[in-house]
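What follows is a set of notes on a single structure, which appears directly below.
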Protein chains: 2
Amino acid sequence: MMAQSGTVDRILDAAEELFAERGFSETSLRMITRKAGVNLAAVNYHFGSKNALIHAVFARFLSPFSQIIDQELDKRMVAGKVPASVEELLIIMTSSIVRVPTCSKNGLPVFMRLLGLAYTQSQGHLRKSLESEYKQSFRRFMKVFKDATPELTSIERFWRIQFTMGAMAFTMSSSHALNDILQSDLGVTTSTDDIVTHFVPFVAAGMKASPADVGKPVAEMPDQSAQYRYQP
Amino acid sequence: MMAQSGTVDRILDAAEELFAERGFSETSLRMITRKAGVNLAAVNYHFGSKNALIHAVFARFLSPFSQIIDQELDKRMVAGKVPASVEELLIIMTSSIVRVPTCSKNGLPVFMRLLGLAYTQSQGHLRKSLESEYKQSFRRFMKVFKDATPELTSIERFWRIQFTMGAMAFTMSSSHALNDILQSDLGVTTSTDDIVTHFVPFVAAGMKASPADVGKPVAEMPDQSAQYRYQP
DNA sequence: TGTACATCAGTGAACGCGCGTTCACTGATGTAC
DNA sequence: TGTACATCAGTGAACGCGCGTTCACTGATGTAC
């Protein structure tokens with residue numbers, strides 16, 4: 001007896017949404033199959049295991065994402081505009097992210113929250129396998145980014161990239177909750193595009209800040225404002 | 001038959017470390033009690049439930065944290081230096097965080113990772129109850145922060161605070177892994193204080209960046225460098 | 001055209017397992033008389 | 001000082017439950033002769 005067709009996609013859609021809402025361990029196959037309207041055993045039939053389903057969910061948006069990033073970088077190469085500015089690269093990255101979700105029936109917040117979850121959940125084993133799978137796109141972007149910030153030491157650039165990824169993953173992963181807070185406290189509605197518009201200038205300024213002297217102790221000092229003041 | 005004394009603390013230490021490593025759902029009471037060297041039933045005897053244990057773990061470091069932040073703000077009040085600068089507040093916050101972990105046997109990275117988990121895990125119900133529990137400290141800090149950034153709209157300030165918390169929670173929560181990468185790729189060792197020294201100028205510059213026009217589409221624009229450039 | 005067989009998506013029920021929790025119990029310590 | 005009782009930290013075994021997974025099975029469709 002067949003249910004209506006598209007079982008695989010219906011499972012992926014339901015899993016994507018539930019994973020984003022609740023995390024991986026907190027989402028059972030029974031929840032997913034109930035939401036998708038398919039038989040419990042269908043997940044193991046089509047994907048083999050719950051873990052394989054998780055990977056399939058990520059592959060469905062990370063593959064187009066890395067393709068789009070590659071395309072965007074190609075475009076810049078052809079146009080011959082090298083090196084890129086920090087803002088351009090941030091815009092390439094965020095606009096690529098924005099263009100991905102057409103692939104699934106769920107929207108951008110779900111996609112972003114999954115991106116955050118990949119980094120924060122499940123002891124990093126998921127993160128590592130995804131990193132190695134999309135290694136070449138990742139390295140290429142980092143190379144261009146390095147050219148865009150020649151004034152930074154490798155160490156400073158490393159930490160600033162971490163701060164940026166953290167700000168993005170964290171914000172996006174809780175964007176639904178944050179929108180609720182904004183709605184009730186300030187009475188405004190914010191789209192994901194709006195978040196990006198706030199995000200780019202913040203990170204761009206941080207990337208260009210003149211670094212403080214590293215090595216001096218920070219804690220317990222009386223007043224170090226001058227040390228950290230941005231010098232344009 | 002008594003095991004050695006300090007059962008409650010040994011449970012809290014073990015739970016803290018395992019939660020930070022694996023998350024809440026992925027950590028069973030059997031793992032915790034095995035690591036702590038106590039009987040399985042001791043958790044429910046002393047705390048009542050697994051959920052109550054999670055709350056106790058957070059209370060043990062959030063209570064001293066909010067006390068320390070309050071003390072630091074009091075110090076500034078007495079000194080009469082109002083309003084504070086963004087850098088001062090960031091330093092107060094980061095140095096308060098650095099001073100907390102003496103309360104448990106685990107260090108700063110564990111504390112930071114828990115802070116990150118509280119925001120990203122378990123559907124926000126944990127975050128909400130913690131927010132209401134430490135509401136007054138939180139509000140006080142936000143009030144001072146608002147005075148330090150009068151040029152920002154409430155919405156911009158809200159998002160920039162989220163970006164900051166994200167950068168901090170994300171970086172600190174994976175600081176061990178990140179240090180490993182730094183060590184093997186660039187051959188340098190970095191202390192938590194060093195991270196803070198990188199963190200403060202980055203975030204301070206982001207906080208002071210001139211905001212972009214909100215409402216304009218961001219994706220696919222050719223080059224908006226000038227729009228986002230920091231204007232001192 | 002008709003029959004036999006193979007393939008495939010999907011199904012329903014059951015499997016064993018690890019989970020959080022419960023409960024009757026132990027044995028040490030403190031208190032009252 | 002001695003006995004009876006209460007309190008308390010901790011214990012060992014079992015409880016029911018929901019989990020991911022397995023398996024024999026169904027029924028539709030395609031293919032060979």
Side-chain angles (χ1 to χ4, degrees), chain A residues 1-60 105 114 117-118 121-123 125-126 129, chain B residues 1-60 105 114 117-118 121-123 125-126 129:
Chain A
M1 193 95 1
M2 284 243 297
Q4 62 259 56
S5 70
T7 303
V8 168
D9 286 326
R10 308 235 311 290
I11 292 173
L12 285 171
D13 287 338
E16 188 176 279
E17 204 169 336
L18 286 168
F19 286 155
E21 267 172 29
R22 319 174 41 92
F24 306 118
S25 306
E26 294 82 357
T27 303
S28 72
L29 293 186
R30 282 166 178 81
M31 290 178 198
I32 294 169
T33 51
R34 202 179 311 131
K35 178 167 190 138
V38 304
N39 186 274
L40 168 62
V43 170
N44 278 272
Y45 175 74
H46 285 290
F47 298 95
S49 69
K50 186 184 179 181
N51 249 311
L53 171 63
I54 294 174
H55 270 83
V57 166
F58 276 94
R60 192 168 60 151
K105 82 176 232 300
L114 281 177
L117 281 182
Q121 290 227 325
S122 68
Q123 316 139 65
H125 105 284
L126 175 64
S129 74
Chain B
M1 192 89 10
M2 283 242 296
Q4 61 257 58
S5 69
T7 304
V8 168
D9 285 326
R10 307 236 310 292
I11 292 173
L12 285 172
D13 286 339
E16 189 175 280
E17 206 169 333
L18 286 168
F19 285 154
E21 266 172 29
R22 315 172 45 88
F24 306 118
S25 306
E26 295 82 358
T27 304
S28 71
L29 294 184
R30 281 164 179 84
M31 290 178 196
I32 294 170
T33 52
R34 201 180 310 132
K35 178 167 191 140
V38 303
N39 187 276
L40 167 63
V43 169
N44 278 272
Y45 175 73
H46 286 290
F47 298 95
S49 70
K50 186 184 180 181
N51 249 310
L53 170 63
I54 293 174
H55 270 84
V57 166
F58 276 94
R60 192 167 63 150
K105 80 177 233 302
L114 282 176
L117 280 182
Q121 289 227 325
S122 68
Q123 317 138 65
H125 104 284
L126 176 64
S129 74

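Values in this document were obtained by computation on a predicted structure and should not be read as measured data. Quick note on labels: first sequence line is chain A, next is B, and so on, each numbered from 1.
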**OP:** Would you mind listing every salt bridge (charged side-chain N to carboxylate O under 4.0 Å, His left out) that reaches into residues 45-59 of chain B, with sequence neighbours excluded?
**Re:** none
Subject >> B:Y45 side chain near D:dG10 phosphate (N/O to OP1/OP2, under 4.0 Å) >> reply: no
Original post:
In whole angstroms, how far is the C1' atom of D:dT11 from the CZ atom of B:R34?
Top reply: 17 Å
**OP:** Pick base, sugar-phosphate or nothing for B:T27, based on heavy-atom distances below 4.0 Å to the nucleic acid.
**Re:** sugar-phosphate
Subject >> Minimum side-chain heavy-atom gap A:L12-A:L53 below 4.5 Å >> reply: yes
**OP:** Could you check how far CZ of A:R10 sits from P of C:dG10, rounded to whole Å?
**Re:** 9 Å
**OP:** Between A:A41 and B:L40, just flag the one whose closest nucleotide in DNA chain C comes earlier from the 5' side.
**Re:** A:A41
Original post:
Among D:dG10, C:dG10, D:dC19, which is the nearest nucleotide to the side chain of B:H46?
Top reply: D:dG10
**OP:** Calculate the interatomic distance between A:D9 atom CG and C:dA9 atom P; express it in whole Å.
**Re:** 14 Å
Original post:
What residue pairs, at least two apart or across chains, pass salt bridge (charged side-chain N to carboxylate O under 4.0 Å, His left out) with a residue in residues 33-45 of chain B?
Top reply: B:E17-B:K35
Subject >> Close approaches to DNA chain D from residues 47-59 of chain A, in residue order (heavy atom, under 4.0 Å) >> reply: A:S49, A:K50
Subject >> Spatial distance of atom CG (B:L114) from atom CZ (B:F19) [nearest 0.5 Å] >> reply: 8.5 Å
Subject >> Whole-Å distance separating the CD atom of B:E26 from the P atom of D:dG20 >> reply: 12 Å
Original post:
With a 4.5 Å heavy-atom cut-off, do B:H55 and B:L126 have their side chains touching?
Top reply: yes
Subject >> side-chain hydrogen bond (donor to acceptor under 3.5 Å, both in side chains) against B:H46, all qualifying residues, sequence neighbours excluded >> reply: none
Original post:
Dot-bracket for DNA chain C: what is it, with Watson-Crick or G-U pairs under 3.5 Å, [ ] where a pair crosses earlier ones, and | for a pair to another strand?
Top reply: .||||||||||||||||||||||||||||||||
Original post:
Does A:F47 have any ring pair (Phe, Tyr, Trp, His ring centres under 6.0 Å) partners at least two apart in sequence or in another chain, and if so, which?
Top reply: none
Subject >> d(CG, B:N44; C1', D:dC15) in whole Å >> reply: 13 Å
Original post:
A:S28 side chain N/O closer than 4.0 Å to the phosphate oxygens (OP1, OP2) of D:dG18?
Top reply: no
Subject >> A:N39 side chain, from C-beta outward: closest of C:dG12, D:dC19, C:dG20 >> reply: C:dG12
**OP:** Please tell me which of A:A42 and A:R30 maps to the more 5' nucleotide of DNA chain C, matching each residue to the nucleotide holding its nearest heavy atom.
**Re:** A:A42
Original post:
Can you tell me how far CG of A:L40 sits from CZ of A:R30, rounded to the nearest 0.5 angstrom?
Top reply: 5.0 Å
**OP:** Could you tell me whether the side chain of A:T33 reaches within less than 4.5 Å of the side chain of A:I11, counting heavy atoms only?
**Re:** no
**OP:** Starting from P on C:dC19, measure out to CG on B:L18 and report it in whole angstrom.
**Re:** 12 Å
